[in-house]
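Letters A, B, ... mirror the listed sequences (proteins, then strands); counts begin at 1.
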Number of protein chains: 2
Amino acid sequence: MTTAQDTQRETTQSGEAHAVPNPSAVGLVAVIVAATDGEPRALTVEVEGQAAGRARGLPAGPLVPEHPTLERGLRAWVERQTHQRLGYVEQLYTFGDRDRQGDESAGLHSLSVAYLALVREVRPAGLAEASWRNWYGYLPWEDWRAGRPAILDDIEARLLAWAASPADPKQSRRRQDRLALTFGLCGGAWNEERVLERYELLFEAGLIPEAHGQSGAACPTDIATTGEPMAFDHRRVLATAIGRLRGKIKYRPVVFELMPPTFTLFQLQRTVEALSGTNLHKQNFRRLVAQQGLVEETDGVTSGATGRPARLVRFRREVLLERPAPGFRLRASRRPA
Amino acid sequence: MTTAQDTQRETTQSGEAHAVPNPSAVGLVAVIVAATDGEPRALTVEVEGQAAGRARGLPAGPLVPEHPTLERGLRAWVERQTHQRLGYVEQLYTFGDRDRQGDESAGLHSLSVAYLALVREVRPAGLAEASWRNWYGYLPWEDWRAGRPAILDDIEARLLAWAASPADPKQSRRRQDRLALTFGLCGGAWNEERVLERYELLFEAGLIPEAHGQSGAACPTDIATTGEPMAFDHRRVLATAIGRLRGKIKYRPVVFELMPPTFTLFQLQRTVEALSGTNLHKQNFRRLVAQQGLVEETDGVTSGATGRPARLVRFRREVLLERPAPGFRLRASRRPA
DNA sequence: GGCACAATGCTCATATTGAGCATAAGTGAG
DNA sequence: CTCACTTATGCTCAATATGAGCATTGTGCC
């Protein structure tokens, strides 16, 4: 940035000149994503204050005056808690709901500014408290790579019951529409980007333990069906991140942030599939990548593994300049696996 | 929402239990968009604290404890300042850079959570201090509907000079690459979604008065070229909103939030063109809308105007349920107008 | 009626997809 | 060494989608 601005010295964003008339506590949260061995992983940490005991959380910490920017503050917290350096970082969403944050008592707001980060390698998690987890452990219904997940039978049955429960037929109808939209029930189609909407629906329907008190006793489903819980509202943040990432890989070449310097086209495909939770047609995928000019060949080939060796390629950084908006326009294969 | 959560009562997002250890001032800002007579408009208000005097700003106000959620707080501020009720609202971005907000003195952060709102009708702005402004008055280089804006000649010359100025050839090269990417110079293509990147580049290059002190004296360009200034960093917020909206209309049917209950296909096209700043091929546009099933015919037709009367149509809300991700995959017509 | 003007209908060449067949080039078993 | 197996890679083909333009249809206005 160039020049300091003194125009605004004496005024806040709102145009008022008081000294912090209504302070809020601002937290920073990070969803740090990697993909190794064809599995999508998020970096999690131990959470001490959590009554549930075993639920893990995302790297997070409060914004303090020492942080020059939000993003720098986030990087500092992540490095401190996980010893992981971040490369690609983008802002995700700012969460501020009173009822979800659970901070209504103090009479002031507590916001969480969430970020999405993509990292290349999974170092074996420098700290014992930090570890990489397959994100589908938290949202198992999102993984359609081996076809429709069986747990969806159970989930759908409960959701339909939830939709049918209101006395008011109009409200019942509205709930059914939402089911169709998000879970593809009643003739709707499954859209892999609606991760957050699905999680929120499950939350409202009472199938998410985090929605009930700390005991989780009121929750009628088990973890095998609705996934492992997370501390605070971090599963919601994770769902937001996955949805955003699934959308973004279709029009920006962000997947390459997850790849090593050289890789095979099939590894790339596996990574995209891991993120999107669907399967792609192999030949068409390589055609797409080729014609978009996203990669260039190296002279290396794979070895050791079974099957014909594959050529190693690398990301062509030049496409960022050439094409107006490169990325994958991926479309799931119709065949179930 | 269903149940209150007491799990988190005693902890903040970060897992610490202090009472607001590091407070921040949080502001809410709204970019409220309407499209009337084929022009894109944003709702602006008078800003009192602004030394520059005439620069207007976006509706904004601090987040206070009385606000149940961020979005509700935003709606309250907007209604108070502009008498405009909001329908469609989505979160845009949270701005928190020290150097841009100009609040480093106090030793605490001041964030702005920005929202994008789309409204149907332009009521003649209930309050005198609030008025609708064509958004291209603030970002004139973004309007390509009548072909490439002439002012870009001037802008490009200055940007090229800026890129050439560093002694370090590497840095110079990097600047040129950015120019190619954002402004389509040096063989690059113009991408109408990169509104924010273009504004930021101009800001860095010193062509935006807001980047210099309150006088604007150091700014080598005039308003006719680089657009009318706004208070604070609100032009950056506006640029963010336009970029987001231009992207979103391609895959979600959000334009209809700007349309009256019934409208003609050409009015719809004019609105899309106004937002995207480009021209579309008329026949292909209607084919697209038709085959996506986005609208249904009414039995009304236009009258009074010259030319053959047009059929009035309405938005088919059902598509939200049917199609996985409806929207316009608009592509600019090649011919310059 | 004849014009100007916009709405609407239709054609056509060219990409872009979705799906699958065929072949190539390795590994390991016998 | 040859076969079975596995994965990589090349290529075809039909179905759609897209970009561009021509033709026709209704209206208000002289």
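An OP1 or OP2 oxygen of D:dG19 is reached within less than 4.0 angstrom by no side-chain nitrogen or oxygen of B:Gln283. Dashed line: the shortest gap from a side-chain N or O of A:Arg286 to OP1 or OP2 of D:dT9 is under 4.0 Å. Between A:Lys282 and D:dA8 there is a side-chain N or O to OP1 or OP2 distance below 4.0 Å.
Separating the CZ atom of A:Phe266 from the C1' atom of D:dT6 is a distance of 11 Å, rounded to the nearest angstrom. Note: CD (B:Gln269) to C1' (C:dA7) measures 12 Å, nearest angstrom. For the pair A:Gln291 CD and C:dG18 P, the computed distance is 11 Å after rounding to whole Å. Protein atom CZ of A:Arg308 is 6 Å distant from nucleotide atom P of D:dT9, rounded to whole Å.
Using modelled atom types, no side-chain atom of A:Glu273 and backbone atom of A:Arg145 make a donor-acceptor pair closer than 3.5 Å. Proximity of a side-chain donor or acceptor of B:Arg120 to a complementary backbone N or O of B:Phe256 within less than 3.5 Å is detected.
For A:His281, whose side chain is taken as the heavy atoms from C-beta onward, the closest listed nucleotide among C:dA19, C:dA7, D:dA20 is C:dA19. Of all nucleotides listed (D:dT9, C:dT17, D:dT18), C:dT17 comes nearest to the side chain of A:Leu288.
For A:Tyr136, there are no ring pair (Phe, Tyr, Trp, His ring centres under 6.0 Å) partners two or more places apart in sequence or in a different chain.
Along DNA chain C, the nucleotide nearest to A:Gly307 and the one nearest to A:Arg287 differ in position, and the one closer to the 5' end is contacted by A:Arg287. The 5' end of DNA chain C is approached more closely, in terms of each residue's nearest nucleotide, by B:Glu297 than by the other of A:Pro309 and B:Glu297.
Listed here is the closest heavy atom pair of B:Val89 and B:Ala117: CG2-CB, 4.0 Å.
Residue contacts for A:Arg311: at a heavy-atom cut-off of 4.0 Å it reaches the sugar-phosphate backbone alone, with no base atom in range.
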